[in-house]
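These notes are about the structure you will find just below.
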Amino acid sequence: MSQTIAVAADHGGFELKTILKEELVARGCSVVDLGTDGPGSVDYPDFAAAMAMAIRDKTAEMGILICGTGIGISIAANRFPEVRAALVHDAFTARMARLHNDANVLVFGGRTIGIEVAKDCLGVFLDTEFEGGRHARRVAKLNQHSSR
Ligand code: RB5
């Protein structure tokens, strides 16, 4: 099934974004590129916000965010209720992010992850379904608690 995936990164993730876009196209995905469009310095919260809008408006089913470490852009993205952004480091964390957390945004540190590991994570993330059950109850509580 063809998926539409949004991608966004700051300058710390621009290079990896370019590589992963090719990987997505090779998998038959449609790609929505929310920037940044070059290696110049930009602010990661702007790209996290653009991703949140794309997920909220259903412009894309899922997203990929990248900054230097993946930390800042994760913090920023997870402030939006529609986003469950998971910073992953390997295939195991990518799989668990889908199985248990129903993550809809995959996050990488462009300066910390290897290209082949990132590609591996991407494939696992897109191919893994949410397990539901007790995890659905927990995921539902994420927004209940954050709106208190
Ligand atoms: C930018 O230099 C860097 O701070 C950013 O990409 C990210 O790592 C922040 O968390």
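Since the structure is predicted, the reported quantities are computational estimates derived from the model, not experimental observations. Counting starts at 1 for both ligands and their atoms, in listed order.
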Check each heavy atom of D10 against ligand 1 and say whether those closer than 4.0 Å belong to the side chain, the backbone, both or neither. side chain
In this structure, are over 12 heavy atoms from other groups packed under 6.0 Å from [X] atom [atom1]?
{"X": "I115", "atom1": "CD1", "value": "no"}
{"X": "E15", "atom1": "CD", "value": "no"}
{"X": "R79", "atom1": "CZ", "value": "no"}

For the side chain of [X] and the backbone of [Y], is there at least one donor-acceptor N/O pair under 3.5 Å apart?
{"X": "R95", "Y": "F125", "value": "no"}
{"X": "D10", "Y": "D43", "value": "no"}
{"X": "T36", "Y": "H11", "value": "no"}
{"X": "R84", "Y": "D102", "value": "yes"}

Using a strict 4.0 Å cut-off to heavy atoms of [X], name the atoms of ligand 1 that fall inside it.
{"X": "H11", "answer": "1 (C), 2 (O)"}
{"X": "R111", "answer": "1 (C), 2 (O), 3 (C)"}
{"X": "G68", "answer": "5 (C), 6 (O), 7 (C), 8 (O)"}

In terms of residue, atom name and distance, what is the protein heavy atom nearest to atom 4 (O) of ligand 1? Y44 CE2, 4.7 Å
Among protein heavy atoms, which sits nearest to atom 8 (O) of ligand 1, and what does the distance come to when rounded to 0.1 Å? T69 N, 3.0 Å
Sub-4.0 Å protein heavy atom near atom 6 (O) of ligand 1: yes
Before signing off on this row, confirm whether G72 and ligand 1 have an N or O atom pair separated by under 3.5 Å. yes
Compute the shortest N/O to N/O distance between C67 and ligand 1 and return yes if it is under 3.5 Å, no if not. no
